[in-house]
Amino acid sequence: MIDSIKKLKAFFNTSNTSSIVFRKNQLLKLKTAVIKHEQELYEALYKDLKKNKEEVWVTEIGFFLTELNHTINNLKTWMKPKKVRTNLLNLPSSSYIYHEPLGVVLIIAPWNYPFQLLFTPLIGAIAAGNCVVLKPSEFTPATSSIMKKIIEETFDENYILYIEGDGATVVPEMMNNFIFDHVFYTGSTAVGKIIYQLAAKNLVPVTLELGGKSPCVVDETANIKIAAKRIALTKYSNCGQMCVAPDYVLVHESVKEELVEELKKYIQQFYDVDSAQSYHYGKIINEKQIDRIVKYLDDGKIIFGGNYDKEKLYIQPTLLEVHDVNSSIMQDEIFGPLLPIVTYTLKEQAVEIINKNPNPLAFYIFGTSKNEQEYWLQKIPAGGACVNNASLHLTNHHLPFGGRGFSGLGNYHGKFSFKTFSHAKAVLKTPNWFDPSMKYPPFKGKLGLFKKIIR
Ligand code: NAD
């Protein structure tokens, strides 16, 4: 394995990956290959996660293609050295930012959006002129085998290498025996810490796209029907196995009953009365996750749902009334279809609860008062946020996507991906025709002049 990775470095050193023609060609080849295997991806994602085709298009293939097309269309502009202003001290030099490829980068993905979370960072890595090692999750074997096929049919293995296997074995083996130029990791905060430590040994830069508890506040001014509809949409999509799913709801006491009734209504409308039979409702990835999630049912009063079937990897969309904000369900990332409803009276109480898990990956505020919206946006530090919406900020490739603190480090999507996978090199170009003696020693007596120029 390590010998194969070393070949990527040799290929990178030929500089073949750096021209715009090469990069664009690879992106176009990737697009053709994905479109060719679209049908197989639907089948594989159904097998691994019971995702329906429409969901696969919106959250995996279509999501990826939008980002890919945007990158192809803008790559030339992004690659151009950017001229910036030059300060007085350096005049008449001119100043530029060059975007330099990093080298050989490692992209590690989780299982919940196995295609999107491996292939979307790949767009940025190719666009920025790198060689890439792709490490998918071991828990989505059907999707992984199609992705392997796409990569191996499309790219030279000295340029993009697909490595499968148990992450706890394969990743340390790679990172301990090869110095990557960047590691882009998406997954849990616990494993993110391991990746950070492995990278630190060789000062390898990292992007960490992690998880966490994304709170959702519904205040007394909210349009409750719309809030319930939008929360139900993203909380139960992919059975809540979404990094930016609303983890729990903090609702003002005056609108709690109405919100719960509307949530019940929309859950049944979206995922049918019997969600176990619903075309629209997915499954939990494996039994280990079922065991982990159903334990949280004891942490609150079930007000809707609560049924599960371990053999069928099914947990019903569930609403739980939670009073103990120190219970496990209010401390761990739920990553499943259980939605705790916590009531607050004063917004300071809600802030205190949110601050128990600071720097969430996302924060959502539902309310119609502009002042209150700004209060919340400024009060809660978070990776990203939505006002009167949930999760969908990540579908806009004009916005950076990433966490902060325990929810991550760095960001990507669109131009931000290109930046993540490039080094911004500062370049100062100085002409020879102007070379005043004051710039050179002896400096004695020039303090007054220096004070005029450098201030
Ligand atoms: P995970 O951390 O278990 O696994 C992610 C990847 O890391 C996999 O490829 C796995 O093989 C590898 N891995 C596992 N153990 C490892 C180890 N000891 N050393 C090195 N590599 C190891 O995550 P998961 O369970 O696949 O995904 C769920 C988590 O991912 C949730 O916390 C979720 O919030 C988070 N997530 C975050 C984002 C985001 O964009 N921020 C997106 C999706 C999922």
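Just so you know, residue 1 is the first one in the sequence shown, and it goes up from there. Start at 1 and go down the list; that is how both ligands and their atoms are numbered. These figures come from a predicted structure and were not determined experimentally.
- In terms of N/O distances under 3.5 Å, ligand 1 is not approached by I195.
- In this pair, F401 and H413 present their aromatic rings parallel. The plane angle is below 30°, not in the 30 to 60° band.
- A donor-acceptor contact under 3.5 angstrom links the side chains of K31 and N69, judged on distance only.
- Distances between N or O atoms of W111 and those of ligand 1 include at least one value under 3.5 Å.
- Annotation for ligand 1: atoms under 4.0 Å from non-hydrogen atoms of L361 are 41 (N).
- Near T186, meaning under 4.0 Å from any of its heavy atoms, are these atoms of ligand 1: 5 (C), 37 (C), 38 (C), 39 (C), 40 (O), 42 (C), 43 (C).
- No donor-acceptor pair closer than 3.5 Å links the side chain of E262 to the backbone N or O of I224.
- Between the side chains of Y279 and E54, at least one donor-acceptor pair of N or O atoms lies under 3.5 Å.
- Annotation: cation-pi geometry not satisfied between K50 and Y281 (NZ/CZ under 6.0 angstrom from ring centroid, within 45° of ring axis).
- With ring centers used as reference points, Y364 lies 6.0 Å or more from F366.
- Each of the atoms 9 (O), 11 (O) of ligand 1 lies under 4.0 Å from some heavy atom of K135.
- Within the 4.0 Å heavy-atom shell around ligand 1 one finds A109.
- Looking at heavy atoms from C-beta onward, D247 lies out of side-chain contact with P215 at the 4.5 angstrom threshold.
- Of the heavy atoms in T189, none comes closer than 4.0 Å to ligand 1.
- The distance criterion of under 3.5 Å between nitrogen or oxygen atoms is not met by D166 with respect to ligand 1.
- At the top of the distance list for atom 39 (C) of ligand 1, counting protein heavy atoms only, stands C243 SG, 3.4 Å.
- Ligand 1 is never approached by F139 to a heavy-atom distance shorter than 4.0 Å.
- Aromatic ring orientation, Y159 versus F22: perpendicular (interplanar angle above 60°, classes split at 30° and 60°).
- Under a 4.0 angstrom heavy-atom cut-off, G403 registers as lying outside contact with ligand 1.
- Using a 4.0 Å heavy-atom cutoff, Y113 is absent from the residues neighbouring ligand 1.
- Scanning the protein for heavy atoms near atom 33 (C) of ligand 1, the closest one is F335 CE1, 3.4 Å.
- At a 4.0 Å heavy-atom cut-off, ligand 1 does not touch V170 at all.
- At a heavy-atom distance under 4.0 Å, no atom of A190 approaches ligand 1.
- Side chain of T420 to backbone of F416: a donor-acceptor contact under 3.5 angstrom is found.
- In terms of protein heavy atoms, atom 23 (O) of ligand 1 is closest to S188 N, 3.4 Å.
- If you check which protein heavy atom lies closest to atom 27 (O) of ligand 1, you get P110 CB, 3.3 Å.
- Scanning the protein heavy atoms around atom 31 (C) of ligand 1, the nearest turns out to be E333 OE1, 3.5 Å.
- Side chains of D48 and T140: a donor-acceptor N/O pair is absent below 3.5 angstrom, by distance only.
- Checking side-chain atoms of Q373 against main-chain N and O of I365 turns up no donor-acceptor pair under 3.5 Å.
- Protein heavy atom closest to atom 7 (O) of ligand 1, with residue, atom name and distance, is Y185 CE1, 3.4 Å.
- When only non-hydrogen protein atoms are considered, atom 10 (C) of ligand 1 lies nearest to E138 OE1, 3.5 Å.
- With respect to atom 17 (C) of ligand 1, the closest heavy atom belonging to the protein is A168 CA, 3.5 Å.
- Only the backbone of P136 comes within 4.0 Å of ligand 1, counting heavy atoms alone; no side-chain atom from C-beta on gets that close.
- Just one residue in the list F119, Y113, W111 forms a ring-ring contact (aromatic ring centres under 6.0 Å, His included) with F115, and that residue is F119.
- Geometric assessment of K264 against the ring of F304 yields a negative cation-pi assignment under the 6.0 Å and 45° thresholds.
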